Structure formats: C-alpha cells, structure tokens
Novice: 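Sharing a structure below in structure tokens format, with a few things to ask.
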Amino acid sequence: MNKIIVLLMMACVFSACSQRENPLLAESSAPFGAPEFSQIKSSDYLPAFEEGFKQQKAEFDAIADNTEEPTFANTIDALEASGKLLKKVAGIFYNVNETDADEIMKETEKKVSPMETEHSAYMTMNEKLFQRIKKLYDNKDSLGLTCEQETVLDKYYRHFVRGGALLDDQQKKQLVEIDKELSLATIQFGDNSLAETNAFTLFVDNKNDLSGLPDDVLSAASERAEAAGKKGWLFTLQKPSWEPFLKYADNRELRKQMYMAYTHRGDNNNGNDNKAIIKKILELRLKKAKLFGYNNFAEYQLEDKMAKTPEAAYNMLMKIWKPALEKAKEERADMQKLMNESGVEGKLEAWDWWYYAEKLRQQRYALDEAQLKPYFSLDNVRNGVFMVANKLYGLSFKPLRLAGAVSKENEVKEPVPDVYHPEVSCFEVLDSDNDGKHLSLYYTDYFPRATKRAGAWMNNIFEAAHVGGEDQDPMIVNVCNFTPPTGDVPSLLNLDETRTLFHEFGHASHGFLTKCKYPLVSGTNVARDFVELPSQIMEHWAVEPEVLRQYAFHYKTGEVIPDSLIAKMQAASSFNTGFETTELVAASLLDLEFHMQSDYSQFEANAFESAVATKLGLIPEIAFRYRGTYFNHIFSGGYAAGYYSYLWAEVLDADGFEAYKESGNVLNEEIGRRFRTCILEKGGSEDPMELYRRFRGADPNPEALLKGRGLK
C-alpha cells in the first residue's frame with residue numbers, strides 16, 4: 001500500500017512539472033519587465049505564438065464588431081494597443097532566432113511564418129474593420145488629429161489596401177498563398193546562407209603557408225583549430241576571419257581559395273544552393289505586385305519610400321557609379337603596377353585586390369592596420385560611442401551586465417537583467433537631459449557564433465509604445481560579428497568594425513530616443529531609405545580627431561592615439577574608396593535590376609547577374625558586394641528593391657554632418673540636440689524630408705557624399 005502511495009505521489013510531482021507555466025505567457029518579474037531568457041525553452045515559443053494569435057484575433061473582432069461610430073480612439077488606438085502578447089513573443093523569438101537558434105526554433109519559424117501570413121490577412125481582409133478605418137480616413141480632415149495620428153491613420157489605410165482590402169475574394173486568396181510561399185522561401189534562403197557560411201573551413205598545418213598574416217590573426221585561427229580538435233590554423237567565412245586573410249596572406253593560391261569560397265556561397269549546386277530559390281522569390285514578388293496593378297515589384301516597394309520610383313533610385317545611383325568606377329580603374333592600375341614590380345607576373349585578379357590595396361596603403365601612407373588596432377579595443381570603442389551620445393544627445397549608460405573582457409572598475413555586482421547568451425551585455429540607457437530618466441535597456445552581442453547569421457544589425461526586442469493606457473519603454477539589441485578576444489588580448493577592432501559599432505549604435509539611438517506614442521511610427525519604423533540616416537551619420541564621429549583623442553587608448557599602455565597616426569588615417573581616408581563605392585553601388589543596382597523585371601520565365605540567377613555586370617561595365621577584379629546567392633538583405637531581410645537606401649541616406653548623412661563641421665565643433669551640443677529633436681525623437685511620425693529640412697534648414701546637397709568619398 002505504501003509503495004502505491006509513493007508511486008502516486010511521484011506521478012503527481014511529474015504531472016506538476018509537466019504543467020510548468022510557459023514563462024512567455026506570464027508577466028516578467030525581472031527589472032524593467034525585461035525578458036527572462038534563461039527561463040524560456042525553445043519549445044515554449046510555438047504555444048506562446050498560438051496564444052498570441054488567438055488573443056489578438058479576439059481583439060480584432062471586438063474592434064470590428066463595435067457598434068459605436070468609428071473614432072480614432074475606438075479603432076486606431078485600439079488596434080495599436082492590441083496584440084501585446086504576440087508582440088512580446090515575436091520580439092524575443094526573432095532576436096534569439098537570429099543569434100542563437102537551435103533546431104526546435106528553426107522548425108518553429110517555419111511553422112509560425114505561414115501563421116503570421118494568415119494572421120495578417122485576418123486583419124487586413126476583415127471588411128468591417130477596413131470600413132471603420134476607411135470612414136476615418138475619408139473624414140480625417142475633420143477629426144482634429146495630431147500630425148502623428150494623421151500619419152498613423154494614413155499608414156493603417158495603406159497597410160489594409162496593400163494587404164488586400166480592395167481585392168476581390170479570389171485575389172485575396174491568391175495573395176495569402178503568395179505571402180505564405182514567400183515567407184517560407186525567404187526563410188529557406190537565409191537558412192541556406194548560414195549553412196554555406198558554416199560549411200567552409202580552410203585548415204592549414206604548415207605555418208610557412210601563412211606568411212604575411214599578423215600575430216593576432218594567427219592566434220585567432222589557432223584557437224579555432226584547437227576548438228575543432230585540430231593542431232594548426234583554421235579559417236572560416238566569418239568576416240573577422242576571411243577579411244584579414246585576403247588582406248595579408250602572401251600565399252596567392254590560398255587567397256584565391258578563400259575568395260572563391262566566400263563569393264560562391266549559395267552557388268555550389270548542393271543542398272544549400274540558392275539560385276532556384278532566388279527565381280521563386282522574384283516570381284512570387286512579381287505576382288504580388290501585379291495583383292495590385294504594378295508593372296514590377298520595385299514599383300510596388302518604392303511607392304511609399306522617399307525615392308518614390310525605382311527610376312529615381314537608379315538615377316541617383318548612376319550619378320555615383322560613374323565617378324566611382326573611374327576611380328576604381330585608377331586604383332586597379334596602381335595595384336597592377338605594384339604587383340608586377342613585386343615580381344608577380346600576370347594580371348591582377350579579384351583575390352589580389354585586398355592584398356595589394358593593403359600593401360599600397362602601407363607604401364603611400366605608412367599606415368598598417370596592425371598599428372591602429374591596439375587603440376581600438378572593443379571596450380574603448382564602446383566607451384567612445386557612449387561619450388559621443390552623451391555629448392550630442394544627453395544620454396548616459398549604466399552597465400547592468402557585462403560580458404567579455406571588461407575592466408575591473410566596470411564590474412557589476414548588483415542583480416541584473418537576464419541575457420540570452422553569456423557573450424551578451426546589458427546597459428540601462430538614461431536621459432541626462434531629463435533628470436536621469438530611464439529610457440531603455442540596451443543589449444550588445446558582438447562576436448561570431450555558428451548559430452548567428454552574418455552581418456550586423458539592430459533589433460527592437462520591445463518597441464516603444466504609449467497607447468491603450470500602458471507605457472512600454474524600448475528594449476534594443478545591437479548584434480555584430482567582430483574580431484573576438486584571443487588569449488589575454490581583448491577584442492581589437494579594425495576601422496571597419498569600429499565604424500560598424502558606431503553605425504549600429506546610431507540605429508539603437510533612434511530606438512532609445514523616440515517620443516512617438518504609436519508603435520507603428522516609433523523609433524526605426526520609418527521609410528526604408530530614411531532609416532539609415534541616424535546610423536550612417538554616427539559613423540563620422542568614429543574617426544574624427546577630436547573624438548579619437550577621447551576614446552582611442554592603447555589597450556596595454558593607456559596611451560592616447562598619437563597625432564601622427566591620426567594624420568595618417570586622415571591622409572588615407574579616401575584610399576580605395578573607388579573599390580568600396582563601386583562594389584556597394586553595383587550591389588544596389590543589381591538589387592533594383594532583380595526587382596524591375598516584368599518577366600522571369602527565362603531568368604537564371606548567374607546569367608542575369610553576369611548580364612547586369614556587363615551592362616554596368618563592372619570590372620572583373622571587383623564583385624558585387626553581395627552576389628545574389630548570398631544577398632540576405634534582399635532575399636531574407638527587409639531590403640528588397642531597397643539596398644540603394646544606404647547610398648540614398650548617405651546623401652543625407654554626409655550633408656547633415658557638414659552642419660557640425662561648419663560650426664567648428666563636431667561635438668556641438670546645440671546641433672546634436674536639434675538632431676535629437678528633429679530626427680531621432682520623431683521616428684516615422686512625419687514626412688522624412690520635412691524632418692530633415694527642419695534639422696538642416698535646407699534640402700540635402702549631394703556634393704557632400706562625393707566629397708566625403710573622395711570622388712570629387
């Protein structure tokens with residue numbers, strides 16, 4: 001009898017454990033309501049998504065079935081306040097899925113994606129709900145709306161129309177099926193790209209084959225090999241590995257091997273090949289565009305952007321293309337000469353460009369990247385961007401949890417918010433201009449992992465929202481893939497990585513400082529060709545002498561970067577910009593060409609890409625920055641027909657930074673606060689060009705871009 005009782009008790013305990021409450025469905029008890037990442041299991045996401053969809057659908061129904069006359073409060077406010085659980089689950093899931101996904105999460109994404117398509121259609125194809133919005137839209141001039149409210153109403157109306165509200169029943173069904181297929185195809189493209197990046201390794205066991213590589217690069221490669229159970233040096237297609245290899249490795253054949261592996265990701269006729277997926281995505285996007293009466297997908301995409309038309313974006317790019325290509329040809333001639341003078345016969349190849357560019361930089365400017373990196377430890381660079389943000393925008397940063405190599409005085413001993421990986425740090429962002437008011441939590445995740453996609457980006461874990469009786473402060477993460485620390489040497493960044501940290505922080509500041517009430521327009525929810533302004537303008541401060549002297553300290557000695565090095569950096573600032581601009585503009589034009597077509601029946605990805613290169617006159621020594629088969633921005637990200645945005649925004653950021661230069665003080669607090677007020681706080685609540693004019697006092701002058709890139 002006692003044995004039976006014990007067994008029953010054990011069964012009860014097991015049952016209680018199996019009934020564990022899903023932490024995603026409960027209110028967080030962490031500081032600021034931060035996600036309790038360590039409590040969440042991968043298997044928790046799918047049921048949480050299902051409950052989130054269910055709850056928001058009920059909210060949609062309640063709004064649609066409201067018998068009262070539609071008002072902004074009972075319709076738009078109600079929509080913006082709806083879906084609290086779903087937004088929470090999605091914000092946490094997609095951040096972790098991009099940085100630390102396991103197989104359960106990958107399968108969850110594939111299941112959730114079509115559910116999201118159906119959920120979106122459930123809202124936008126709800127006739128009663130649309131009629132409430134349409135009535136408000138048709139009478140908006142008499143509603144006494146604020147500028148932000150009018151923008152939100154316009155966006156909702158367009159969202160419903162582009163979501164199929166004006167289509168007939170057959171077209172609505174077709175749209176849902178197209179969107180389902182598209183969502184799964186873009187997921188597959190991204191999965192293939194990550195698999196291709198992780199699949200290639202270059203293992204070298206003879207150190208003589210690695211002559212030319214700096215000690216820190218060799219140390220990192222040795223640690224990678226050791227982690228893989230090998231003795232030697234291991235190189236991968238993560239940027240901190242392949243980029244210095246192409247810059248410094250004397251072994252030309254190994255450089256070719258690395259370059260070809262990098263530029264042929266997704267183009268290897270294996271299970272991860274992306275060529276057929278590209279065609280499928282483009283065909284589906286064209287079908288969608290034609291459903292709405294557009295000739296091609298680029299027209300559909302750009303209608304509500306600053307550029308308005310693909311032709312306008314294309315023409316802007318061509319104005320940059322011609323001087324960039326001419327400069328690239330001059331650079332090619334210089335490197336061809338250097339290569340032949342060094343005893344190497346034959347023609348300069350694409351895998352030689354990085355190598356001889358670095359040799360030429362050292363020859364002309366006596367500037368070696370190895371001289372600079374000791375002054376750009378990750379801690380120093382992060383402190384530098386925090387200092388700039390404090391001067392310009394009145395922000396301060398309280399470390400709550402620090403990862404990696406941190407100084408003793410910055411160690412945190414109090415209880416801290418949870419993080420999703422040990423390499424993640426967390427800071428509280430405070431508004432020094434407003435009595436130290438809490439603004440946001442800021443997470444940073446800086447080093448490559450096999451589970452993390454390539455590149456660098458900013459995510460909103462939670463977006464700012466102040467509607468429906470609740471205030472939600474933003475929680476933001478910057479994700480990068482920087483050179484990790486090795487042994488007792490901290491993470492030392494090159495100049496490109498330094499600019500990237502400043503760039504992504506610029507996106508984050510857009511999220512920290514938003515004063516918008518509505519999530520639809522808060523923070524970075526702006527036109528795609530405007531979103532890069534806050535990030536790209538931030539890059540300028542990374543290399544300004546006045547700023548460098550306040551953050552670039554030698555990681556061993558504490559010595560400030562000497563003026564002689566700063567002078568060399570400035571002298572070399574426009575070196576190799578023909579190459580850099582050409583590969584960027586080429587990728588932007590390739591993206592537009594992909595999406596300006598009205599027929600893909602004869603499309604083949606590689607042949608199309610080659611035809612575009614020939615049409616543009618792209619020289620063979622330079623590849624598109626992203627070839628189609630690994631162009632994640634446009635085939636698994638949000639930049640389809642929009643990669644030109646980086647250069648469009650650069651016209652704004654180059655001209656905008658001139659305001660600081662003209663004042664004689666690049667840390668001019670008055671101008672910084674004006675940028676905060678006119679740009680960062682406004683999000684997408686007003687027309688972006690009007691916001692820019694309010695900041696600058698005039699339209700942007702494109703000459704500043706050409707001047708800044710050394711093309712004029």
Side-chain angles (χ1 to χ4, degrees), residues 170-171 174-193 196 260 263-303 307 309-315 317-318 321 325 350 582-620 622-644:
Q170 182 59 36
Q171 290 172 323
Q174 193 177 354
L175 178 61
V176 171
E177 291 308 310
I178 289 171
D179 283 341
K180 281 184 183 178
E181 286 190 69
L182 265 175
S183 63
L184 291 174
T186 55
I187 289 170
Q188 188 61 56
F189 185 98
D191 287 349
N192 288 353
S193 294
E196 284 282 273
M260 295 299 286
T263 56
H264 283 73
R265 289 174 293 158
D267 183 20
N268 290 306
N269 298 318
N270 56 20
N272 298 320
D273 196 282
N274 271 330
K275 293 191 290 292
I277 296 176
I278 289 174
K279 183 176 182 180
K280 181 177 183 179
I281 290 172
L282 292 174
E283 287 175 334
L284 288 168
R285 286 174 175 170
L286 178 60
K287 282 184 183 179
K288 182 172 182 175
K290 288 189 172 181
L291 264 182
F292 291 99
Y294 297 91
N295 295 311
N296 55 60
F297 188 74
E299 286 184 0
Y300 169 82
Q301 281 290 83
L302 270 69
E303 181 190 48
T309 68
E311 290 77 18
Y314 206 101
N315 290 338
L317 292 171
M318 290 306 295
W321 174 254
L325 186 61
T582 296
E583 63 162 9
L584 173 59
V585 179
S588 303
L589 289 166
L590 177 63
D591 168 35
L592 286 174
E593 291 278 4
F594 273 139
H595 291 100
M596 289 173 73
Q597 308 305 308
S598 57
D599 180 10
Y600 295 99
S601 58
Q602 303 300 314
F603 178 88
E604 195 283 321
N606 285 350
F608 183 87
E609 194 172 295
S610 296
V612 172
T614 300
K615 173 183 174 181
L616 296 174
L618 179 64
I619 58 178
I622 301 179
F624 297 98
R625 173 168 291 186
Y626 300 103
R627 289 191 54 226
T629 52
Y630 54 92
F631 208 157
N632 285 318
H633 284 79
I634 67 171
F635 290 122
S636 66
Y639 281 81
Y643 194 66
Y644 77 90

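Given the structure is predicted, the values throughout are model-derived calculations rather than measurements.
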Novice: Check whether the side chains of Tyr294 and Gln301 place a donor and an acceptor atom closer than 3.5 Å, and report yes or no.
Specialist: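 No, Gln301 and Tyr294 have no side-chain donor paired with an acceptor closer than 3.5 Å.
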Novice: Hey, is the main chain of Asn295 close enough, under 3.5 Å, to the side chain of Glu299 for a donor-acceptor pair?
Specialist: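 Such a contact is found between Glu299 side chain and Asn295 backbone.
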Novice: Could you check whether any side-chain heavy atom of Ile277 comes within less than 4.5 Å of a side-chain heavy atom of Phe635, counting everything from C-beta outward?
Specialist: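 Not touching, per the 4.5 Å side-chain cut-off.
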Novice: Can the ring centroids of Tyr314 and Tyr644 be said to lie less than 6.0 angstrom from one another?
Specialist: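 Between Tyr314 and Tyr644, the centre distance exceeds or equals 6.0 Å.
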Novice: What's the spacing between Leu590 CG and Glu583 CD if we round to 0.5 Å?
Specialist: 13.0 Å
Novice: Return the CD to OG distance between Gln188 and Ser183, rounded to the nearest 0.5 Å.
Specialist: 12.0 Å
Novice: Tell me which pairs pass salt bridge (charged side-chain N to carboxylate O under 4.0 Å, His left out) where either residue lies in residues 274-284, with sequence neighbours left out.
Specialist: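 Those involving residues 274-284 are Asp267-Lys275, Asp273-Lys275.
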Novice: Is the backbone of Leu589 close enough, under 3.5 Å, to the side chain of Trp321 for a donor and an acceptor to pair up by distance?
Specialist: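 Such a contact is absent between Trp321 side chain and Leu589 backbone.
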Novice: I need the minimum non-hydrogen distance between Gly617 and Leu325, along with the two atoms involved.
Specialist: O-CD2, 3.6 Å
Novice: Tell me, do Leu592 and Leu317 make a side-chain contact under 4.5 Å, heavy atoms counted?
Specialist: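 The answer is yes, as the side chains (C-beta and beyond) meet within the 4.5 Å cut-off.
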Novice: Using only heavy-atom distances, determine whether the side chains of Asn296 and Ser598 contain a donor-acceptor pair under 3.5 Å.
Specialist: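 Asn296 vs Ser598: no donor-acceptor pair found between side chains.
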Novice: With rounding to the nearest 0.5 angstrom, report the CD1 to CZ distance, Ile281 to Arg285.
Specialist: 5.5 Å
Novice: Any chance you could lay out the ring-ring contact (aromatic ring centres under 6.0 Å, His included) test for Phe297 and Phe594, step after step, and finish with the verdict?
Specialist: CA-CA 9 Å; Phe297 188 74; Phe594 273 139; over 10 Å; no
Novice: Rounded to the nearest 0.5 Å, what separation is found between the CG atom of Asn315 and the OG1 atom of Thr309?
Specialist: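 The CG atom of Asn315 sits 7.5 Å away from the OG1 atom of Thr309.
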Novice: Hey, could you give me the CD1/CG distance between Ile178 and Leu284, rounded to the nearest 0.5 Å?
Specialist: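 The CD1 atom of Ile178 sits 6.5 Å away from the CG atom of Leu284.
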Novice: For Ala350 and Pro620, which heavy atoms make the closest approach, and how far apart are they?
Specialist: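 Minimum heavy-atom contact is CB-O, 4.0 Å.
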Novice: When you compare the side chains of His595 and Asp591, does any donor N or O come within less than 3.5 Å of an acceptor on the partner?
Specialist: yes
Novice: List for me each residue that meets salt bridge (charged side-chain N to carboxylate O under 4.0 Å, His left out) alongside Glu593, sequence neighbours excluded, and say none if there are none.
Specialist: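 Applying salt bridge (charged side-chain N to carboxylate O under 4.0 Å, His left out) to Glu593 gives Lys615.
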Novice: Which atom pair, heavy atoms only, marks the closest approach of Gln597 to Leu286?
Specialist: O-CD1, 3.8 Å
Novice: Please report the shortest heavy-atom distance between Ala307 and Ala312, naming the atom on each side.
Specialist: O-CB, 3.4 Å
Novice: With heavy-atom distances below 4.5 Å as the criterion, would you say the side chains of Asp191 and Asn272 are in contact?
Specialist: no
Novice: Can you see whether Arg265 engages Asn274 through a side-chain donor-acceptor pair at a distance of less than 3.5 angstrom?
Specialist: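 No, because no side-chain N or O of Arg265 sits under 3.5 Å from a partner of the opposite role on Asn274.
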Novice: Output, in order, the C-alpha distance, side-chain angles, deciding distance and verdict of side chain to side chain contact (heavy atoms under 4.5 Å, CB included) for Leu584 and Tyr643.
Specialist: CA-CA 9 Å; Leu584 173 59; Tyr643 194 66; 3.6 Å; yes
Novice: Which residues satisfy the salt bridge (charged side-chain N to carboxylate O under 4.0 Å, His left out) test with Lys180, sequence neighbours excluded?
Specialist: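 If we apply the salt bridge (charged side-chain N to carboxylate O under 4.0 Å, His left out) test to Lys180, skipping adjacent residues, the hits are Glu118, Glu177.
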Novice: What's the shortest heavy-atom distance between Gly271 and Asn192, and which atoms?
Specialist: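 Here Gly271 and Asn192 meet closest at O-OD1, 4.1 Å.
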Novice: Do Glu196 and Asn268 get their side chains close enough for a donor-acceptor pair, meaning under 3.5 Å?
Specialist: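 Side-chain D/A pair, Glu196 to Asn268: present.
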Novice: Out of curiosity, Tyr630 OH to Ile278 CD1, how far, rounded to the nearest 0.5 Å?
Specialist: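 So the OH of Tyr630 and the CD1 of Ile278 are separated by 11.0 Å.
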Novice: Apply the ring-ring contact (aromatic ring centres under 6.0 Å, His included) test between Phe631 and each candidate in Tyr639, Tyr626, Phe624; give the one that qualifies.
Specialist: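 Exactly one candidate clears the test, Tyr626.
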Novice: Looking at every non-hydrogen atom in both residues, tell me the closest pair between Leu618 and Ala623 and how far apart they are.
Specialist: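 Result for this residue pair: CD2-C, 4.5 Å.
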